[in-house]
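Just so it is clear, the values below take in all heavy atoms, side chains as well, and ignore hydrogens, waters and symmetry mates. Lettering of chains follows the sequences in order, A, B, ..., and the numbering in each one begins at 1.
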Number of protein chains: 2
Amino acid sequence: MQANLQQDEPRSPRYYRIYQAMLSDIQQGSLKPGDVLPSEMHIAQSYGVAPGTARKAIDMLVDRGWVERQHGKGTFVRRADFSHSLARFFRLTDREGVQLHPKSELLDIRVVPGTTDICHHLDLPDDSELIQIERVRRVDEMPLLHEVIYLSRTRFQSLLNLPPDAWGDLLYPLYEQVCGEVVFRATDTLSVGPVPESPAHHLDLPPGVQVIEIARLARGYDERPLEWRLSRGRLDWFHYSFDIR
Amino acid sequence: MQANLQQDEPRSPRYYRIYQAMLSDIQQGSLKPGDVLPSEMHIAQSYGVAPGTARKAIDMLVDRGWVERQHGKGTFVRRADFSHSLARFFRLTDREGVQLHPKSELLDIRVVPGTTDICHHLDLPDDSELIQIERVRRVDEMPLLHEVIYLSRTRFQSLLNLPPDAWGDLLYPLYEQVCGEVVFRATDTLSVGPVPESPAHHLDLPPGVQVIEIARLARGYDERPLEWRLSRGRLDWFHYSFDIR
DNA sequence: GATATCAACTCATATATAAGACTATAAGTA
DNA sequence: TACTTATAGTCTTATATATGAGTTGATATC
């Protein structure tokens with residue numbers, strides 16, 4: 001798991017080199033989500049540094065969202081949670097303020113030849129075969145979002161053999177259980193454009209009206225792109241807040 | 001500036017109480033943007049703690065954006081910079097990739113009776129008088145954004161006497177120089193809606209078409225609301241990206 | 001006068017150590 | 001059995017100290 005510190009880089013602080021070494025352990029998969037790290041004392045001893053130095057390296061991993069500390073128990077590789085990601089865009093609470101979880105309906109799954117730009121997003125050769133998944137997300141039977149999802153066929157092959165009742169509301173846990181691919185972070189890009197006919201139909205909208213477009217590129221622990229998706233939703237439900245300083 | 005630590009709260013760490021004390025100095029204005037903090041050694045001595053404890057308190061201020069360290073010089077109260085805030089929403093680079101800065105045209109400034117919701121945003125009594133400013137932001141003469149800005153009349157009175165040529169492209173430096181009010185952070189809320197007639201005219205759009213709406217609440221160092229503004233812009237130029245994990 | 005050196009101050013990195021607080025398990029007791 | 005207590009392991013807070021590195025201004029030298 002750990003090795004002695006290389007002194008290849010001329011002068012970077014010890015805590016930074018330890019941070020890089022532990023990050024590499026996580027990215028290469030020798031430490032998986034949920035795994036416990038060695039204790040701070042063990043880390044310090046195995047790298048031959050003082051406890052404070054090891055702790056500062058762990059601080060960096062915590063700040064960047066790679067691991068979580070639990071007082072009295074240990075430090076664990078963090079599993080990202082995207083289960084509330086739609087709540088950023090839509091008011092998903094009932095009259096009592098309780099969180100509502102959108103339901104998912106699988107419309108279609110098939111293998112398609114990848115377009116140039118999607119393959120480019122996914123770091124794949126231009127003509128790679130992709131798995132295309134079409135879904136509708138609903139709250140109280142009201143259609144909220146139409147999603148088209150693209151995955152590398154070679155990495156997600158086993159999704160194709162999945163029985164229909166195995167598809168839950170969330171995809172990322174499925175990716176992990178069925179394909180062993182774990183999403184660590186994602187980049188969402190918002191824009192607005194006219195809705196094509198098929199999404200319009202599932203959203204109960206006339207084709208061509210403006211909808212919010214949420215393009216997402218999801219990446220694994222090794223930063224490699226795993227999934228690209230385009231979600232479209234009604235504008236009148238949409239809002240998004242964020243702080244700047 | 002500093003005082004001995006109160007032990008009012010039964011058990012919070014020393015570094016946290018020092019953080020709170022220094023934050024209070026900033027929020028109350030005894031430390032202003034650009035001011036240098038006492039050195040880490042001085043802070044440690046004046047609070048009677050070890051240097052590492054004082055440094056951890058400063059770490060918290062740095063992490064939260066209140067101060068900035070400069071190696072060899074000191075630690076300074078940070079001045080927030082909103083001059084590139086539009087670049088988050090629109091591609092503001094020319095063909096060589098150089099940043100373009102939108103120009104501002106002042107359309108109107110007047111005193112208006114505040115509506116209930118705007119006064120509520122600004123933490124003012126329901127019928128307070130407000131200063132209303134109307135502007136257009138342009139890039140290469142192309143209208144990008146129409147802004148309506150609301151300020152408390154009592155706090156921003158001196159803006160009313162400002163000669164037209166004193167208005168630059170950026171408002172926040174003006175607020176500071178003319179009114180002594182400094183913006184520290186802001187919350188932007190994105191939505192989409194139909195454009196009223198007056199903004200439509202200045203954006204070269206037919207009234208009623210959908211536009212991006214950016215509602216901003218800007219706050220000072222003491223967290224009190226200073227400004228509420230509603231900006232509207234063409235949808236076809238708009239996009240916004242962010243990371244989630 | 002122009003340049004180089006030094007000294008004092010700053011933050012940055014690192015060590016070694018101690019005691020507190022939280023968790024889980026094992027051992028003891030009623 | 002059910003409850004309490006001890007213990008070992010973990011992260012957390014805190015001290016005291018030393019050395020490195022960047023900045024600035026004063027001083028010395030050419």
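A salt bridge links B/Arg185 to A/Asp243: at least one charged side-chain nitrogen sits closer than 4.0 Å to a carboxylate oxygen.
Atom CZ of B/Phe76 is separated from atom C1' of D/dT23 by 10 Å (rounded to the nearest Å). Computed from coordinates, the A/Gln45 CD to C/dT15 P distance equals 13 Å when rounded to whole Å.
Both tests do not hold together for B/Arg69 against B/Phe76: distance to the six-membered ring centre under 6.0 Å, angle to the ring axis within 45°. Taking the centre and axis of the six-membered ring of B/Tyr19, the NZ or CZ atom of B/Arg64 falls inside the cone set by 45° and 6.0 Å.
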Please tabulate, one pair per line, each protein N/O and nucleotide N/O from nucleotides 10-14 of chain D that are separated by under 3.5 Å, including the distance.
residue: D/dC11; atom: OP1; partner: A/Thr75; partner atom: OG1; Å: 3.3
residue: D/dC11; atom: OP2; partner: A/Glu40; partner atom: N; Å: 2.9
residue: D/dC11; atom: O2; partner: A/His71; partner atom: NE2; Å: 3.1
residue: D/dT12; atom: OP2; partner: A/Arg55; partner atom: NH1; Å: 2.8
residue: D/dT12; atom: OP2; partner: A/Arg55; partner atom: NH2; Å: 2.8
residue: D/dT12; atom: OP2; partner: A/Arg69; partner atom: NE; Å: 3.0
residue: D/dT13; atom: OP1; partner: B/Tyr15; partner atom: OH; Å: 2.9
residue: D/dT13; atom: OP2; partner: B/Tyr15; partner atom: OH; Å: 3.2
residue: D/dT13; atom: OP2; partner: B/Lys56; partner atom: NZ; Å: 3.4
residue: D/dA14; atom: OP1; partner: B/Arg14; partner atom: N; Å: 2.4
residue: D/dA14; atom: OP2; partner: B/Arg14; partner atom: N; Å: 3.1
residue: D/dA14; atom: OP2; partner: B/Tyr15; partner atom: N; Å: 3.2
residue: D/dA14; atom: O3'; partner: B/Arg14; partner atom: NH1; Å: 3.4

Using nucleotides 4-8 of chain D, report all nitrogen or oxygen pairs with the protein that are shorter than 3.5 Å.
none

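Taking the side chain as every heavy atom from C-beta outward, A/Val136 and A/Ser104 never approach each other to under 4.5 Å. Counting only heavy atoms from C-beta outward, the side chains of B/Phe242 and A/Asp188 approach each other to under 4.5 Å. Proximity of B/Leu170 to B/Phe82: side-chain heavy atoms (C-beta onward) are nowhere separated by under 4.5 Å.
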query = Are B/Leu145 and B/Leu86 close enough, and set up right, to give a side chain to side chain contact (heavy atoms under 4.5 Å, CB included), and what steps lead you there?
reply = CA-CA 9 Å; B/Leu145 217 59; B/Leu86 282 186; 3.4 Å; yes
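A side-chain donor-acceptor contact under 3.5 Å links B/Tyr172 and B/Glu227.
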